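Read the structure below first, then the notes.
All figures in this text were calculated on a predicted structure; none of them were measured in a lab.
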Amino acid sequence: MSYKDTINLPKTKFSMKGNLVQREPGFLKNWESQKLYSEIRKARAGAKKFILHDGPPYPTGDLHIGTGLNKILKDIIIRFFTMKGYDAPFVPGWDCHGLPIEHRVMQEIGSNAKTMERIEIRKKCKQYAEKFVKIQMNQFKSLGVSADWESSYLTFTPQYEAGIIEVFGKLVEKGFVYRKLKPIHWCMRCETALAEAELEYRDTLSPSIYVNFRILDDVAGIFQDAGEGDVHILIWTTTPWTLPANLAIALHPDYKYRAVRYENPKTGEKVVTIIADSLVDSIMNLLKIEKFELLGITSGHTLEGLKYEHTLMNRCGTIVMADYVTLSDGTGCVHTAPGHGQDDYLTGLKYNMPILSPVDKSGIFTTEAGDFAGQKISDGNKSIIEKLDESDLLLHKREINHSYPHCWRCREPVIFRATEQWFVSLDHCGLRENVLDQVKKTRWLPSWGEVRMSNMIRERPDWCISRQRSWGVPIPVFYCSHCKESLLNIDVIYHVRDKFLQCGADSWFYKNAKEFLPEGTNCPNCNSTTFEKENDIFDVWFESGSSHHSVLHKRNDLSFPADMYLEGSDQHRGWFQLSLVPSVAAWGCAPFKTVLTHGFVVDEKGEKMSKSLGNFVSVSDALKEIGGDVLRLWTASMEYRNEMNTSRVIIERMSDSYRRLRNTFRYILGNICDFDSEKDAVEYRKLWEIDRWALLKTEKLIKSVTAAFEQLQFHRVYHTVHNFCIIEMSSFYFDILKDRLYTFSKNSIERRSAQTVLYRINDVLVKLLAPILVYTTEEVWMETENRSSSVHLADWPDVREQCIDEGLEKRWESIIKIRADVARELEKMRTEKHIGNSLEAVIDLYTEDDELFQFLEEYQSDLPMIFIVSDVIISKEPLHSASRGENFKRLFVKVRLSESSKCERCWNFRKEVGKIVKYPTLCNRCAKVIDQIGEQNS
RNA sequence: GGGCCUAUAGCUCAGCCGGUUUAGAGCGUUCCCCUGAUAAGGGAGAGGUCAGUGGUUCGAAUCCACUUAGGCCCA
């Protein structure tokens with residue numbers, strides 16, 4: 001029998017390689033078949049709830065790594081709270097309606113789209129959404145996300161839709177909803193509204209004209225030397241057809257404006273006009289005016305409120321202030337038509353101007369356009385220029401090539417046209433103030449979220465909730481067939497809600513208006529009983545923003561408000577804000593208590609990820625390459641509040657790091673394979689001192705890791721655990737332990753002492769990491785005996801305070817430092833090729849420090865084990881050629897080769913080796929062990 | 001252009017309500033050792049003008065201002 005066979009080498013099925021990609025699906029399957037999610041919920045029945053409400057992603061394509069990261073973070077939190085004893089249900093959702101899906105479906109349909117019924121389009125959209133919900137759900141599952149997948153919330157289900165209608169009803173009831181004109185992109189040929197995503201920008205030739213408007217007010221007080229005569233203000237536009245809708249001219253309040261007197265080249269007349277000071281030269285050059293004189297100069301804000309004559313329309317306009325005015329083109333004086341531009345619209349609202357838009361759906365001027373009524377706007381361009389030219393107000397005209405939006409379907413240029421839209425008022429009943437108040441009461445993580453949200457709420461205009469699309473929830477409003485008056489009525493809305501609950505919102509597209517109206521509904525205006533349905537649908541943000549009602553209020557296992565919302569920082573403007581507004585409006589409080597945000601996943605240079613740049617990482621690729629647990633470890637390792645860099649190198653590092661954790665488990669599992677904690681455990685006071693030290697480090701680990709989890713700082717969890725495994729365990733404790741575990745007899749108290757602690761370490765580590773490494777910890781769990789079915793049903797480990805001995809920790813801190821000083825000397829010997837294995841060495845320690853000497857003496861018998869050398873000799877006598885320690889300056893270390901022989905079994909160099917007759921190649925300790933084994937066998 | 005945020009070794013993070021003489025870990029890298037955790041393990045070393053500039057101060061990675069680069073959201 002070789003002595004090697006008498007050594008207790010580690011033994012475990014837990015492999016060194018993770019093979020995560022192959023192995024993880026098996027665990028997933030087991031969890032599904034044992035219905036683990038429901039088992040966990042059952043185990044927590046009646047416990048205090050923790051509600052993290054899932055923000056619904058959009059089901060198009062493979063999951064972006066950022067979407068995966070978001071769900072992993074949520075999952076880590078849910079799992080931690082669950083293990084801490086909370087009942088933490090997790091109901092995931094998808095935001096299924098909306099333009100991106102409709103857009104893609106329309107592209108697939110192609111030219112048939114125009115003749116297709118809306119209900120048909122909706123059917124295809126639904127199929128599309130369902131397909132990707134399924135794909136994404138599987139990807140989330142593969143990431144190890146534990147959730148109530150079977151009853152996920154989808155925004156196109158009747159229950160959800162009914163909830164949206166209820167939120168709308170509540171807002172109508174409280175008077176927040178109104179209808180008003182607003183300019184939107186419009187295709188005159190298709191006669192339809194277009195969203196930004198449906199525009200194609202192409203270079204187009206447009207007229208470019210400079211037009212003077214005559215100021216009606218006396219500006220002598222502002223420009224003293226302007227003299228008698230008329231003063232004008234010069235504007236520039238590339239859309240002459242919008243001039244009939246001109247109501248204002250916008251200036252920048254801080255820019256300088258100059259009155260210029262020039263000679264009209266055509267008439268020879270002297271004219272004064274106002275333009276931005278810094279543009280005077282370039283404009284005069286463009287207008288080919290050589291003779292001009294600079295008159296007074298003033299800041300834009302001094303001109304606010306002046307009236308000017310609108311020559312074409314026989315009315316006057318106003319000079320207004322706007323921050324978006326630039327000096328990059330034009331004159332610094334911006335033609336403003338609130339019915340025909342986004343900026344113009346907002347300025348119009350600010351100055352309380354009507355949203356004038358004298359153009360009908362096919363692009364023909366209405367009677368509001370005066371003389372131009374009946375003309376197509378394309379012809380209007382020409383006649384407007386002509387008319388301006390007649391009145392000598394047109395200073396310059398040419399054609400310019402610029403990028404202009406076109407309809408994605410018919411490729412015709414689009415226009416901005418004001419149409420009636422539905423709005424939620426932010427200022428009705430002090431809503432804005434109430435929302436701001438709720439913002440203050442919410443806990444924002446990081447705290448700057450509060451500032452960001454408050455700024456946004458303070459600034460934002462009323463919310464336009466209507467869209468002219470097909471794939472969404474219809475706005476439950478009717479119009480009288482006779483007088484065209486809108487019917488916005490609570491009873492009607494709840495009636496529609498009931499219908500939707502029964503047959504879904506699709507019914508709106510194939511049933512008559514009558515079927516949605518309560519019996520006997522008539523028009524409050526003209527008493528008519530025939531109505532038409534609204535064509536518009538809700539903004540999808542109104543849908544997802546209603547999830548607090550459709551999901552939190554409606555589900556028995558959830559509750560309102562949620563404890564936490566957790567999304568990317570872009571959702572401040574998105575889901576957070578647009579959930580907050582309806583929630584406060586309808587129920588007077590925020591839908592969340594805490595809002596946690598994470599940054600974006602960017603590439604290794606910190607630049608944004610996009611498919612076109614080629615630095616895009618998808619979840620499915622990452623899963624294929626590295627597996628769910630490594631991806632989760634990567635997620636946990638980063639400070640997610642900032643941007644997070646990804647690259648192949650970073651992910652490879654993560655695999656290294658994972659392997660290290662895995663091997664820590666493997667070492668323990670292999671060395672406790674013959675340990676039965678019930679029978680073999682050694683009681684605390686009988687443990688070896690180094691074992692008590694390892695135990696105290698483990699208990700302290702629980703403390704710091706728990707704190708890190710509680711503060712939602714998973715990167716601290718990662719670093720703390722990782723450092724524990726590497727510094728305290730692998731390179732110190734585990735290394736030292738090998739001698740005792742392998743060479744002492746199996747059942748010796750020395751070996752059982754070590755195993756008792758290893759068992760505890762394993763039990764703690766597996767639980768601390770369970771929220772992050774969901775698969776690997778389960779694999780570890782399965783390897784140990786007497787386990788219930790899953791680590792994910794386990795409770796969070798409690799700290800055994802009685803094991804935390806600060807004095808012990810301090811003493812061992814010194815020992816570790818001394819060990820480092822010794823290691824440095826051993827290394828020197830190794831480099832000089834005097835020794836290989838450290839057991840070949842004997843260490844001489846010398847110090848004149850009494851305290852240190854006493855300390856060393858106290859540990860003398862343990863020091864060889866600690867240094868992993870064959871002997872340690874302490875002396876007070878100076879040593880020849882000893883080196884001074886770096887950690888302990890008063891300690892001198894000398895390494896020399898042992899003069900004894902090597903024990904064949906334990907490899908220690910011992911005096912007695914060769915002197916034991918029965919076992920000439922063994923040391924005393926091993927001889928005893930072999931005797932014991934012999935006795936057991938006989 | 002505006003609101004909010006970020007910037008410490010190749011990578012991931014500490015330190016930051018100013019002050020333990022040479023700014024800490026771990027990973028990676030280099031060199032060495034082991035071959036009884038072995039496609040593992042151990043040891044030693046190299047590596048940072050704390051994005052830049054200016055200021056406050058006896059003293060700044062830490063406070064202030066500006067600049068640069070990047071991110072989210074608007075315009």
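- When heavy atoms are screened at a 4.0 angstrom cut-off, A:Y667 is found touching base atoms of the nucleic acid.
- Checking B:C13, B:A37, B:G43 against the side-chain heavy atoms of A:S730 singles out B:A37 as nearest.
- Within 4.0 Å of A:E639, counting heavy atoms only, lie sugar-phosphate atoms of the nucleic acid but no base atom.
- Taking 3.5 Å as the limit, the base of B:A44 and the side chain of A:T831 contain no donor-acceptor pair of atoms between them.
- Checking B:A75, B:A40, B:A25 against every side-chain atom of A:N723, the shortest atom distance belongs to B:A25.
- The phosphate of B:G42 has OP1 or OP2 within less than 4.0 Å of a side-chain N or O from A:R660.
- A residue-by-residue look at A:W448 and A:S731 shows that A:W448 has its nearest nucleotide of RNA chain B further toward the 5' end.
- At least one test fails for A:R905 against the ring of A:Y742: distance under 6.0 Å to the centre or angle within 45° of the axis.
- Using a 4.0 Å heavy-atom cutoff across all strands shown, A:N671 reaches no nucleic acid atom at all.
- The CG atom of A:L9 sits 5 Å away from the C1' atom of B:G36 (whole-angstrom rounding).
- For the P atom pair drawn from B:G59 and B:G54, the interatomic distance equals 15 Å after rounding to whole Å.
- Contact annotation for A:G670: no contact, since no heavy-atom pair falls under 4.0 Å across all strands.
- For A:R452 against B:C72, a side-chain-to-base donor-acceptor contact under 3.5 Å is present.
- Within 4.0 Å (heavy atoms only), A:Y718 reaches no atom of the nucleic acid at all.
- Out of B:U12, B:A40, B:G15, the shortest distance to the side chain of A:R716 is found at B:G15.
- What separates CG of A:L737 from P of B:A37 is a distance of 12 Å, to the nearest Å.
- B:G47 and B:G24 have their C1' atoms separated by 14 Å, given to the nearest Å.
- Between the side chains of A:R460 and A:Q577, a donor-acceptor pair is found at a separation under 3.5 Å.
- Rounded to an integer number of Å, the gap from NZ of A:K738 to P of B:G36 is 10 Å.
- Just one residue in the list A:V595, A:V439, A:T442, A:N455 forms a side chain to side chain contact (heavy atoms under 4.5 Å, CB included) with A:E450, and that residue is A:V439.
- Here A:I727 lies in heavy-atom contact (under 4.0 Å) with sugar-phosphate atoms only.
- A:G606 comes within contact range of the sugar-phosphate backbone alone, with a heavy-atom separation under 4.0 Å but no base atom that close.
- If you take CZ of A:F732 and C1' of B:G42, they are 13 Å apart, rounded to a whole angstrom.
- Across all strands shown, A:T743 has heavy atoms under 4.0 Å from base atoms, whether or not it also approaches the sugar-phosphate.
- Checking B:C4, B:C72, B:A40 against the side-chain heavy atoms of A:N455 singles out B:C4 as nearest.
- For the atom pair CZ (A:F734) and CD1 (A:I736), the distance works out to 11.5 Å, reported to the nearest 0.5 Å.
- Residue-level contact check: A:I7 touches the bases, meaning some heavy atom is under 4.0 Å from a base atom.
- The CG-P distance, from A:N663 to B:G42, rounds to 10 Å in whole Å.
- Across all strands shown, B:A7 pairs with B:U68; the Watson-Crick or G-U wobble distances both stay below 3.5 Å.
- Of the candidate nucleotides B:G36, B:C72, B:C73, B:G36 has the atom nearest to the side chain of A:Y742.
- The closest side-chain donor-acceptor pair between A:T784 and A:Y759, if any, does not fall under 3.5 angstrom.
- The OH-P distance, from A:Y733 to B:A37, rounds to 16 Å in whole Å.
- The separation between A:K605 atom NZ and B:C11 atom P is 13 Å, rounded to whole Å.
- Partner assigned to B:C16 is none, using Watson-Crick or G-U wobble distances below 3.5 angstrom.
- Put simply, the residue from A:L737, A:T756, A:L758 that forms a side chain to side chain contact (heavy atoms under 4.5 Å, CB included) with A:D691 is A:L737.
- Counting non-hydrogen atoms under 4.0 angstrom, A:K4 reaches a base of the nucleic acid.
- Between A:R830 and A:R666, the residue anchored nearer the 5' end of RNA chain B, judged by the nucleotide with its closest heavy atom, is A:R830.
- Ring pair A:H252/A:Y255 is parallel by interplanar angle, where below 30° counts as parallel and above 60° as perpendicular.
- Nucleotide B:A46: unpaired (no Watson-Crick or G-U wobble partner with both distances less than 3.5 Å).
- Picking from B:C74, B:U12, B:A37 the nucleotide with the shortest atom distance to the side chain of A:R573 gives B:C74.
- Counting non-hydrogen atoms under 4.0 angstrom, A:R662 reaches nothing in the nucleic acid.
- For A:H715 and B:A14, the shortest distance from a side-chain N or O to OP1 or OP2 is below 4.0 Å.
- B:G36 has A:W907 stacked on its base ring, the centres lying under 5.5 angstrom apart and the planes within 30 degrees of parallel.
- A:D343 comes within contact range of the sugar-phosphate backbone alone, with a heavy-atom separation under 4.0 Å but no base atom that close.
- B:C63: Watson-Crick or G-U partner is B:G55, with both key distances under 3.5 Å.
- If you check B:A37 for Watson-Crick or wobble pairing at under 3.5 angstrom, you find it has no partner at all.
- At a threshold of 4.0 angstrom between heavy atoms, the contacts of A:E840 with the nucleic acid are absent.
- Remark: P of B:C72 and NE2 of A:H598 are 12 Å apart, rounded to the nearest angstrom.
- Within the 4.0 angstrom heavy-atom criterion, no nucleotide atom of any strand lies near A:S657.
- Of the side-chain N and O atoms in A:K833, one or more sit less than 4.0 angstrom from OP1 or OP2 of B:C33.
- The pair A:D674-A:R751 meets the salt-bridge criterion, since a charged nitrogen lies less than 4.0 angstrom from a carboxylate oxygen.
- Between atom CG of residue A:L701 and atom OG1 of residue A:T706 there is a gap of 8.5 Å, rounded to the nearest 0.5 Å.
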